[in-house]
Each structure stands twice: as structure tokens, then as C-alpha cells.
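It should be emphasised that the depicted structure is a prediction, and the values quoted were computed from it without experimental measurement.
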Amino acid sequence: MGLEFIDISRDDEYERPRVRSTASGQNTTVPERRKRTQGQSAVVSERRKRTEVQVMGMPARKRRPERQGMELPERRKRRFEEQSVEMPERRRRSERQDVAGSGRKRRAEAEIYPLPDNTNVRRRERNAEQRAEQVRARRRKRRQRKMIAARMVTLCFLVSLIVIAAVLLIKLIEGLRDTEEVINDFQTTVESQKVIEENKADKPIMTEDFIPINEYSRPGETLPEVNNIFVHYTANPGTSAAQNRSYFENLGITGETSASAHFVIGYNGEIIQCIPLNEIAYAVAGRNYDSISIECCYLSEDGKFTDDTYQSLIRLSAWLLKEYNLAPEDMRRHYDEGGKKCPLYFVENTGSWQQFLNDLEDYIIKEQK
């Protein structure tokens with residue numbers, strides 16, 4: 001049996017066509033597929049040409065038969081001429097559409113916002129009027145601010161003038177008041193001195209030994225008026241009038257306390273004037289500026305005055321009452337102002353004080369006769 005050898009090394013797609021199955025089940029060769037592909041490419045090319053013609057405004061279905069045989073440059077030229085003829089018509093159509101659209105828009109806006117004739121002109125006029133009114137308003141506000149500032153400055157100036165005038169008036173009134181007080185004090189002092197000088201005949205014998213001015217016993221302040229005469233006792237039995245006067249003077253050196261009296265009557269009846277009648281003395285707290293004080297010395301422990309002291313006290317009190325136009329009822333014990341047991345005998349023996357007032361009244365009546 002003989003064998004036949006077949007050389008299959010050259011069996012490739014170029015030497016031997018292969019058989020492939022298609023979707024329809026038919027077998028096709030490579031040349032057939034190529035022909036089909038070329039037909040499809042021709043169809044695609046035709047479609048592209050139609051698309052280009054449609055893009056250039058020339059529908060493929062309406063292609064004219066006379067243009068099919070034309071060369072490409074001539075067809076382009078012809079197409080350009082046709083487009084140049086049709087373009088104004090399209091532009092006019094587009095413009096009409098734009099005009100119609102803008103008209104519809106204006107009509108819609110007019111329906112929503114109806115405006116009168118000459119709207120733009122009136123709107124410009126209204127805007128101009130508004131700007132002018134704003135300018136005028138700003139000017140008015142500026143003028144108002146200036147007027148307010150001017151009024152405030154004027155008001156402050158007037159208030160300052162009023163305050164200065166008020167201060168000057170107050171100072172003037174105070175100056176007049178001080179001047180009036182000084183004049184009154186001077187007149188009172190002059191009148192008192194005049195009365196005292198006229199009544200020297202009734203003045204008891206006394207020694208004027210004034211204490212030097214100091215802050216503890218003789219401050220040197222003016223006595224403006226006299227409403228009462230106070231009677232004291234020295235609270236130091238057996239001391240003389242000179243000794244008590246020296247005690248008052250030494251207070252200005254030691255500063256131990258503040259104390260003094262206008263007069264000191266010794267247990268022998270002598271009278272020493274320590275402070276002028278137109279000055280205050282530190283004798284009765286709270287009444288130093290409207291009273292005169294008399295200190296009386298004594299010997300007994302009960303504080304009873306000697307007869308000489310008693311008679312000198314009556315004469316001095318009667319003279320003072322007459323000088324200041326007072327009555328015996330204006331005589332006071334130190335006890336009557338503050339409750340201090342001074343003078344001791346007149347405080348503990350109420351009848352003795354009333355007897356002193358009766359004796360004083362009798363002495364004044366006798367002297368008047």
C-alpha cells in the first residue's frame with residue numbers, strides 16, 4: 001500500500017484560502033469580503049457627501065442633476081453663489097424672528113409692567129429729578145447741621161455768661177453782706193462805747209488789766225451782741241481776783257484748756273476787767289458770742305460770797321444791765337446754761353439766787369431816784 005505525502009508548510013492564507021463561517025452559515029472567501037467592504041465604503045462615502053451637502057444648506061434629496069457631472073472647484077463655486085443668494089433671505093428671516101421675539105418680550109413686559117408713552121424720556125427725567133432731590137436733601141442736612149452747631153456754640157456761650165454773671169453777683173452779695181456785718185459790728189461797738197462813756201458816773205471802780213491775745217483765753221474775736229449776763233464762781237476757794245486773772249493769762253502759755261471771763265471780783269470786793277466788752281470770752285459754751293461773764297471769788301467751802309463780793313456784784317451787774325438796756329430777769333447763772341453747778345451757793349440755795357435778783361432790782365430803782 002503506497003502512502004502519499006502532502007507538504008502543508010505552504011498552506012497559509014496567501015497560498016490557500018481558508019474557509020470561515022458567517023452569521024448566515026455561508027462560507028465566504030477573502031476576495032468576496034474585500035468586495036463587500038469596498039461596497040460598504042462607497043455607501044459610507046455617499047452618506048458623507050450627503051451630510052456635507054446638508055451641512056452647507058443643500059439637501060441631498062434635492063440635488064440637481066446638472067450638478068452631478070461638475071468638477072469639485074466648480075461645484076464649490078456654484079454652492080457659494082447659491083449660498084450668497086440665499087443668505088440674505090435667511091438673515092432677513094432671522095431678523096424678523098428676532099424682531100418678533102423682542103416684540104413679544106416687550107408686550108409681555110408691558111403686560112406685567114405697563115409703562116406710558118415716552119417711557120425712557122420720563123424715566124430719565126424722573127431719575128434726574130431724584131438725583132436733584134437727593135442733592136438738595138444733602139445740602140439741607142448740611143445746612144441743618146451747621147445751624148445746630150452754631151446754636152450749640154451760642155447756647156454754650158450764653159450759659160457761660162450767665163454762670164459768670166451769677167458767680168460775680170454772688171460774690172458781690174457776699175461782699176456787701178460782709179461789709180454790712182462789719183459796719184453793723186462797728187456801729188454796735190461805737191454805740192456800746194458811747195453808752196459806756198456817757199454812763200461813767202455810774203460805773204463802779206475797777207482795774208482794766210487785759211489778758212494778752214491768745215487762742216486759749218482771749219481770742220480777740222468781736223462780741224456782736226449782749227443778751228444775758230452770766231454769774232460764775234472761781235471753784236477755787238481763797239484765791240484772789242489777781243490770781244484768777246493770772247491763771248487765765250497762763251492758759252495762753254500752757255494751753256491746758258480754754259477759759260476766761262470779762263470780769264473777776266475778789267473776796268475783798270475789788271474788780272478786775274480781763275477782756276474788753278467788745279470781745280468774746282471763753283466762759284459759757286454756746287453763749288460766748290451773746291453774753292458777758294463775771295467770775296466771783298469766795299472763801300467758804302459752800303461757795304457763799306463775802307458781803308464785799310456780793311455788793312460789788314450788784315453794782316457791776318446793775319451797770320452792765322443799764323449799758324445794754326437789759327433787766328434783772330436777763331441775769332443768768334452758769335447753771336442755767338448747761339447744768340453746771342456754778343455758782344455753787346446760788347445753785348444749791350435757790351432762794352439766795354432770787355434774793356440776789358430782788359436786791360439788784362432794788363439797787364437799780366434806788367439809783368434811778
Side-chain angles (χ1 to χ4, degrees), residues 202-207 209 211 217 226-251 256-275 277 281-288 291-324 326-367:
D202 299 331
K203 182 179 180 180
I205 299 172
M206 63 181 65
T207 303
D209 191 3
I211 301 171
S217 56
V226 176
N227 296 322
N228 297 105
I229 297 174
F230 284 89
V231 178
H232 307 258
Y233 85 128
T234 58
N236 189 10
T239 57
S240 63
Q243 290 175 339
N244 283 278
R245 185 260 173 208
S246 297
Y247 169 74
F248 292 149
E249 182 178 359
N250 289 333
L251 289 179
E256 179 182 352
T257 185
S258 296
S260 61
H262 290 88
F263 299 95
V264 179
I265 300 177
Y267 51 78
N268 291 323
E270 69 274 18
I271 301 174
I272 299 177
Q273 185 177 359
C274 303
I275 295 177
L277 294 178
Y282 289 146
V284 182
R287 298 296 306 278
N288 291 327
S291 63
I292 290 178
S293 295
I294 302 173
E295 288 279 355
C296 298
C297 300
Y298 64 99
L299 297 176
S300 60
E301 293 294 333
D302 58 357
K304 185 177 181 180
F305 301 148
T306 63
D307 186 62
D308 294 336
T309 303
Y310 189 78
Q311 295 299 323
S312 295
L313 177 60
I314 289 177
R315 290 194 297 270
L316 180 59
S317 299
W319 177 71
L320 292 173
L321 292 176
K322 185 177 180 180
E323 295 297 325
Y324 295 102
L326 300 176
E329 292 78 9
D330 296 321
M331 296 294 297
R332 295 287 187 273
R333 298 169 295 181
H334 191 184
Y335 171 79
D336 297 329
E337 189 69 31
K340 183 179 180 180
K341 288 186 176 182
C342 175
L344 180 63
Y345 187 79
F346 286 159
V347 172
E348 293 180 350
N349 299 275
T350 307
S352 62
W353 175 249
Q354 186 61 42
Q355 183 63 42
F356 169 74
L357 294 179
N358 295 334
D359 294 341
L360 178 60
E361 185 176 0
D362 293 339
Y363 178 81
I364 293 173
I365 294 173
K366 185 186 296 184
E367 289 295 325

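Two residues are said to be in side-chain contact when any heavy atoms from C-beta on lie closer than 4.5 Å; Thr309 and Cys297 fail this criterion. Leu320 is listed as a side-chain neighbour of Ile294, based on a closest heavy-atom distance under 4.5 Å. Using a 4.5 Å heavy-atom threshold, the side chains of Leu357 and Gln354 count as touching.
Residue Ser317 comes nearest to Leu360 through the heavy atom pair CB-CD1, 4.0 Å, listed as atom of the first residue, atom of the second, then distance. Looking at every heavy atom in both residues, Ala261 comes nearest to Cys274 through O-CB, 3.4 Å. Contact record, Cys296 with Val231: SG-CG1, 4.4 Å, taken as the closest heavy-atom pair. Taking each heavy atom of Tyr298 and Pro237 in turn, the nearest pair found is OH-CD, 3.2 Å.
A distance-only check finds no donor-acceptor pair linking the side chain of Asn227 to the backbone of Ser291 [under 3.5 Å]. Under a 3.5 Å cut-off, the side chain of Ser260 and the backbone N or O of Tyr282 do form a donor-acceptor pair. A donor-acceptor contact shorter than 3.5 Å links the side chain of Arg245 to the backbone of Asp209.
In this structure Tyr247 satisfies the side chain to side chain contact (heavy atoms under 4.5 Å, CB included) test together with Leu251, Thr257, sequence neighbours excluded. Partners of Phe263 under the ring pair (Phe, Tyr, Trp, His ring centres under 6.0 Å) rule, at least two apart in sequence or in another chain, do not exist in this structure. Judged as a side-chain hydrogen bond (donor to acceptor under 3.5 Å, both in side chains), and not counting sequence neighbours, the contacts of Gln355 are Asp359. With sequence neighbours excluded, the residues that form a ring pair (Phe, Tyr, Trp, His ring centres under 6.0 Å) with Phe346 are Phe305, Trp353, Phe356. The side chain to side chain contact (heavy atoms under 4.5 Å, CB included) test applied to Ser312 returns Ile265, Ile271, Arg315, not counting sequence neighbours. When the side-chain hydrogen bond (donor to acceptor under 3.5 Å, both in side chains) test is applied to His232, the partners found at least two apart in sequence or on another chain are Ser293, His334. Partners of Ser258 under the side-chain hydrogen bond (donor to acceptor under 3.5 Å, both in side chains) rule, at least two apart in sequence or in another chain, do not exist in this structure. Remark: Thr239 engages Thr234, Asn236, Gln243, Asn244 in a side chain to side chain contact (heavy atoms under 4.5 Å, CB included) (not counting sequence neighbours).
Legend: salt bridge (charged side-chain N to carboxylate O under 4.0 Å, His left out) pairs involving residues 330-356, not counting sequence neighbours, sorted by first then second residue: Arg287-Glu337, Arg333-Asp336. Among pairs with a residue in residues 301-312, none fulfils salt bridge (charged side-chain N to carboxylate O under 4.0 Å, His left out), at least two apart in sequence or across chains. Sequence neighbours left out, not one pair with a member in residues 262-275 passes salt bridge (charged side-chain N to carboxylate O under 4.0 Å, His left out).
Taking CG of Leu321 as the start and CG of Leu316 as the end, the distance is 9.5 Å to the nearest 0.5 Å.
Other residues, nucleotides and ligands contribute more than 12 heavy atoms inside 6.0 Å of the CZ atom of Phe248.
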